[in-house]
Amino acid sequence: MTANQQSEASSGPEGSDATPALDPHDLTEVTLLARGVASAVAPPSGLTDVQVQLLEALTRAMTGHALDYRSLDPLGPDELADVLAGQDPLRRQRVVQDMVLGELVLRPIPIAVAYRVSIYADALGVKDDFVRIARRYAQGAYGLAWMDLQHNGFVDHVRAAGGDEARAAGAGPGEMPAPFAMARPDPALAARWAAFEALPIGSLGRSVWEMYVGRGFALPGTPGGSLPYLAQHDFVHVLADYGTNLKGEVEVFAMIGRADPDPKGFAWLATLIGLFETGYITTTGFFDRDVRERSIQAPGMYSRLADALRRGKQVGERNGVDLFDIDYDELADHPLEDVRQRLSFPSKSAEAIEAGSVGLFELAGMSETQRRFSARRSGDQT
């Protein structure tokens, strides 16, 4: 059952007697929402080029409509609340997160913008942790913002994954589990991942193993390896066919975050933006800040990010499950295409491919370090 079907089937003010759900393909409704988002996130001098290109790409990917965000008339918070009156609370929260995305790409975030987004959120009746996080960024409280981001975005997820992983992350009693931490060596886990080598070529498990050994990544359970929880995202790299350089990481975490039925999944994208775009986050323990080339401002990345969000939305609506919660071990020996169909992974859009979204095993999808390792390994095998 999709999110829309669930909303229509429910009872009470958000059910069949409520205002009909907004049609995401109706140009009038799309324009009204875009006006509200643009009005909320525009700095005093107007929307920046980064914001315009990102929001326009997002609208195209999600609705199929091409809007000129610079020509949109303002729409105040109360007016936007009227547009969304009676709608599913999750729908309103997603609109607020579009606003947060529009402000997170700013460096610095003007205090006026952060304050205005909070006013819009209040008007929509949305209490979203990420609105507060953006306000902390605007105030220069980066450390507090990162603590909030971890606590409100990741802690529940990691705890739900099991106490063993929290302990593997080095979290003691009462401490916050860290999804990006390096795991302690685990021979049994390492053996399980090494066994993927024996699976058929073209299977999910074998493809993930090839990705690891081809780039010199430490397998989970070995020294330097990631937690098995974080390693779940590597299966998505393979299934979604995204590279492992910084741009590919932004794509894969954008897709994962949007596929999560829990809006807190937005934390994944917010973290990657802080690491690889604005530099608001210095390190996660596994990923370190790298803004030498701004990932989202790179040519084509607006379209690639928007398409990743579109794909995540479709996966989330069709499966209703966090991609980190899927037991990929059970699917490891299945052919890749079979798993993609089973999990309803949509293909990349032509626009994203034209914009430079390359496949996982293409050299352009690797970092410079990963390419050098791959070249050395190929030379050793000849």
Side-chain angles (χ1 to χ4, degrees), residues 3 7 13-14 18-19 21-22 24 29-44 46-48 51 54-55 58-59 62 69 72-142 144-154 156 254 257-258 260-271 273-274 278 280 309 313 316:
S7 177
E14 300 300 337
T19 303
L22 292 176
E29 293 171 349
V30 169
T31 303
L32 286 169
L33 295 182
R35 288 171 57 194
V37 171
S39 300
V41 304
L47 292 172
T48 66
Q51 289 177 306
L54 175 61
L55 293 173
L58 187 59
T59 299
M62 293 296 195
Y69 267 73
L72 294 175
D73 293 326
L75 189 73
D78 293 336
E79 296 170 291
L80 182 60
D82 288 341
V83 173
L84 289 164
Q87 298 298 319
D88 183 346
L90 179 59
R91 179 76 181 92
R92 297 198 297 270
Q93 189 165 12
R94 294 296 190 188
V95 172
V96 170
Q97 289 189 349
D98 286 346
M99 296 176 187
V100 174
L101 179 60
E103 61 177 330
L104 283 183
V105 296
L106 297 174
R107 176 70 191 239
I109 298 175
I111 292 178
V113 170
Y115 179 67
R116 193 184 319 119
V117 169
S118 70
I119 292 175
Y120 274 79
D122 287 343
L124 297 181
V126 173
K127 302 299 181 184
D128 190 278
D129 297 320
F130 302 107
V131 173
R132 183 180 67 253
I133 289 167
R135 290 188 70 172
R136 290 200 188 279
Y137 282 148
Q139 295 162 352
Y142 304 139
L144 288 175
W146 173 228
M147 289 176 64
D148 272 359
L149 190 53
Q150 293 179 86
H151 181 76
N152 295 301
F154 300 127
D156 290 342
R258 190 58 181 82
D260 191 344
D262 187 334
K264 288 188 176 182
F266 184 77
W268 296 109
L269 178 57
T271 297
I273 290 174
T278 59
Y280 287 133
L309 291 168
K313 179 177 183 290

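Numbers here are sequence positions counted from 1. Source: prediction; values computed, not measured.
- Going from atom CD of Gln97 over to atom CZ of Arg258 covers 8.0 Å, rounded to the nearest 0.5 Å.
- Pairing each heavy atom of Leu90 with each of Pro263, the nearest pair is CD1-CG, 3.3 Å.
- You'll find the side chain of Glu29 stays beyond 4.5 Å of the side chain of Val83, heavy atoms only.
- Tyr137 and Thr278 share no side-chain donor-acceptor pair at under 3.5 Å.
- Between Arg116 and Ala40 the shortest heavy-atom distance is NH1-O, 2.9 Å.
- Shown here for Ala123 and Ala81, the closest heavy-atom pair between the two residues is O-CB, 3.5 Å.
- The CG atom of Leu58 sits 6.5 Å away from the CG atom of Leu54 when rounded to the nearest 0.5 Å.
- Between the CG atom of Leu124 and the CZ atom of Arg91 there is a distance of 10.5 Å, given to the nearest 0.5 Å.
- Atom CD1 of Ile273 and atom CD of Glu103 lie 10.5 Å apart (nearest 0.5 Å).
- Checked against side-chain hydrogen bond (donor to acceptor under 3.5 Å, both in side chains), Gln93 has the following partners two or more places apart in sequence or in another chain: Asp128.
- The heavy-atom pair separating Leu80 from Tyr120 by the smallest distance is CD2-CD2, 3.9 Å.
- Between Leu149 and Tyr280, every side-chain heavy-atom pair lies at or beyond the 4.5 Å cut-off.
- Proximity of Phe130 to Leu104: side-chain heavy atoms (C-beta onward) are nowhere separated by under 4.5 Å.
- In this structure Arg132 satisfies the salt bridge (charged side-chain N to carboxylate O under 4.0 Å, His left out) test together with Asp129, Asp148, sequence neighbours excluded.
- Between Lys127 and Asp122, the closest side-chain pair of non-hydrogen atoms falls below 4.5 Å.
- Nearest heavy-atom pair, Ser39 versus Leu75, reported as atom, atom and distance to 0.1 Å: OG-N, 2.9 Å.
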Working for side-chain contact (heavy atoms from CB on, under 4.5 Å), residues Leu84 and Leu33: CA-CA 9 Å; Leu84 289 164; Leu33 295 182; 3.9 Å; yes
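- For Gly102 against Gln51, the heavy-atom pair with the smallest separation is O-NE2, 2.9 Å.
- Of the candidates Val96, Val37, Val41, Leu309, Leu101 forms a side chain to side chain contact (heavy atoms under 4.5 Å, CB included) with just one, namely Leu309.
- His151 contributes atom NE2, which lies 13.0 Å from atom CG of Leu144 (distance to the nearest 0.5 angstrom).
- A distance of 9.5 Å separates NZ in Lys313 from CZ in Arg94, rounded to the nearest 0.5 Å.
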